There are 2 protein chains.
Amino acid sequence: MYLWHQYYNYMFSLSEENYLKSIYHLEAIHGKGISTNSIAKKLETKASSVTDMIKKLAEKEVLVYKKYQGVSLTILGRKEATTIVRKHRLWEVFLVDKLNFSWDEVHDVAEQLEHIKSPKLIDELDVFLGFPKMDPHGDPIPDKEGNFQKIEKRLLSTLEEHKTGICVGVNDSSSDFLKYLDKNNISLGQKIKVLSKESFDGSLTILIHSKEITISKKISNNIYIQ
Amino acid sequence: MYLWHQYYNYMFSLSEENYLKSIYHLEAIHGKGISTNSIAKKLETKASSVTDMIKKLAEKEVLVYKKYQGVSLTILGRKEATTIVRKHRLWEVFLVDKLNFSWDEVHDVAEQLEHIKSPKLIDELDVFLGFPKMDPHGDPIPDKEGNFQKIEKRLLSTLEEHKTGICVGVNDSSSDFLKYLDKNNISLGQKIKVLSKESFDGSLTILIHSKEITISKKISNNIYIQ
DNA sequence: AAAAATATTTAGGCTTATCTAAAAAATTAT
DNA sequence: ATAATTTTTTAGATAAGCCTAAATATTTTT
Ligand SMILES: [Mn+2]
Ligand SMILES: [Mn+2]
Ligand SMILES: [Mn+2]
Ligand SMILES: [Mn+2]
C-alpha cells in the first residue's frame, strides 16, 4: 500500500504505466490495433507477459482487447498515457535546463521520474520551467489538459539531394545515438544540406556547420528535419 | 529488470531502501540492536514480514542479524541509509524553495523521490539548491560523503516555566501536525516563551508572536527548540 | 522457578509481474 | 486448399514482498 493512494482511487503500477506509454507511442506510429508482439518488443519482454498484462489493463478499461486482434487505448487510457509522457518530457527539460544534464543523459532518469505520483508536483514543475513546449529532443510536451501541437517534420532520409532542412528532432533518444550526434555537431536548430545520396546503401553526404560528413541510412532515419 | 542496473551493481529495491531508512532512524533514537517489532511498527507492516526482509538484508551485508537479538546496520548499510535520507531532504528543499510547496505537503512526495536512482541527479540538485544544510523541517542534510552536523536541540516540553527558546525543528513531519503549527503561527526560527506549565497533563501556555496559546503535551513533545 | 505474557520466527499462502514450453489461431506460401 | 510459418494464447513455474496462524524463544510476573 503506497502513499499515493491518498491522491487517486484509480492508480496504475509502474509496470502498467510503462505498458500504457508503450502502446501510446506505438499507436502514434501505427494507428489502432497494436499487436502483442510489437508491445513485447518495445518493452523487451515476452509476448505471454504482454497477453497477461493487456487482459488486466482491459479489465481496468484503459484499453480494448479482443483475442488475437491487438489492443487500442480508450480515452481514459490515452489520457493516462499522455500524462506519463508529459511528466517524462517535463523532467527531461528540468534536468537539462536546471541540473546541467546533457540531452543524452536525461532519458533513463526521466524513465524513473515519470512514475512519481503527485499532480501538484508536475504542474508546479511546469510553472517553474516556464511552460516549455518542447523537450530536449524536440518532442512536444502535452499541457495540463493533455493537448499539444503536432509539429511538421520529416526524416532526414527523405530529403532530396541539394535540399536543405533544419534539425528539429530525433527518433531515438538513446545515449549512444545522441553522443554520435554530439560528436558530429548535429543538434536541434542546426541547418543540414544534403550534398549527395548514395543509392546503394542510402548513405548521405551532408553539409553541417560548413563541414562535409557522411552518415549512414540508419542515422538519417533517426533525425527529423523541417 | 530496471534501468538503474546500468548505474549500480549493488542495488536495493524500494522496499529494501525503506527498511534501511527506518532502521537508520530507529538507531538514531535507540542505538544498536533494533527489534523486529519496532521496525514493523515504523513501516506499518507485520513482524513476520520484517523477519523475512532482515534476513535478506543481512545476506546483502547491510545489517547484522542474530535471531531474537534485533539488527544493527553495518557501515555499508548506514552509508546507504544516509544517502536515502540525503535524497529525501534535498527533494523536500527543492519542493519548498522552487515549486511552492508548503512544509506540510512535501514529505509524501519526497518518500517517492528519495528512491530515484541517479548519483548525478542528486549531486546536481544539491548544487542547484546551493548546498542547503537543513530541510524544511529543520533536519540536517548529509553531504555527498554522508557527513552532517548534529544540531543542539531539545524538546519544547523540557523547557522550564518563564524560559524562552527558538523553534528549530519538529519531530513529526505529518501534514496534520504541520498544519496545526501553521494555524497557530508556529514556524522554524520563531521565539517561544513558556508562560506556565500545567502539572496535571503537562500542557503548556506559551507566548508566540506576542499571543498566548495553550498547547498539549503531545504538541510540545513534537517541537524542538534551541 | 514456574507460569503468564510478549516477542520473534517459521510454515504455508497470496498477488504481481515475470518466464518457458506447449497448444491454438491466424497468416503466408506452395 | 493444404501445408508451413508466424503470432498469440494458455498452462504451469518462479521470485519478491507481503499476509495469517501456529510454533518457539525470551522476558516479565507471580
Ligand atoms: Mn526520453
Ligand atoms: Mn525526450
Ligand atoms: Mn520528510
Ligand atoms: Mn523533512
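Here the structure is a predicted model, which means the values were calculated and not measured. Note that these values count all heavy atoms, side chains included, but never hydrogens, waters or copies made by symmetry. Residue numbering restarts at 1 for every chain, and letters A, B, ... go by the order of the sequence lines.
- Here B:Phe94 pairs with A:Phe94, B:Trp91 under the ring-ring contact (aromatic ring centres under 6.0 Å, His included) rule; sequence neighbours left out.
- Residues forming a side chain to side chain contact (heavy atoms under 4.5 Å, CB included) with B:Lys66 (at least two apart in sequence, or on another chain): B:Gln69.
- Rounding to whole angstrom units, CD1 of residue A:Ile39 and C1' of D:dT7 are separated by 13 Å.
- Taking atom OH on A:Tyr68 and atom C1' on D:dT10, their separation rounds to 8 Å, with Å as the unit.
- In this structure, the nucleotide among C:dT9, C:dC19, D:dC19 sitting nearest to the side chain of B:Lys46 is D:dC19.
- Listed candidates were C:dT9, D:dT20, D:dT9. Nearest to the side chain of B:Ile54 is C:dT9.
- If you take NZ of A:Lys66 and P of D:dT9, they are 13 Å apart, rounded to a whole angstrom.
- In terms of phosphate contacts, A:Thr45 brings no side-chain nitrogen or oxygen within less than 4.0 Å of OP1 or OP2 of C:dT18.
- For B:Ser48 and C:dT8, the shortest distance from a side-chain N or O to OP1 or OP2 is not below 4.0 Å.
- Listed pair A:Tyr19 / C:dT16 fails the phosphate criterion, with no side-chain N or O lying under 4.0 Å from OP1 or OP2.
- Taking 4.0 angstrom as the limit, A:Thr51 places a side-chain polar atom (N or O) nearer than this to OP1 or OP2 of D:dT9.
- Look at B:Ser15 and you'll find a side-chain N or O under 4.0 angstrom from OP1 or OP2 of D:dC18.
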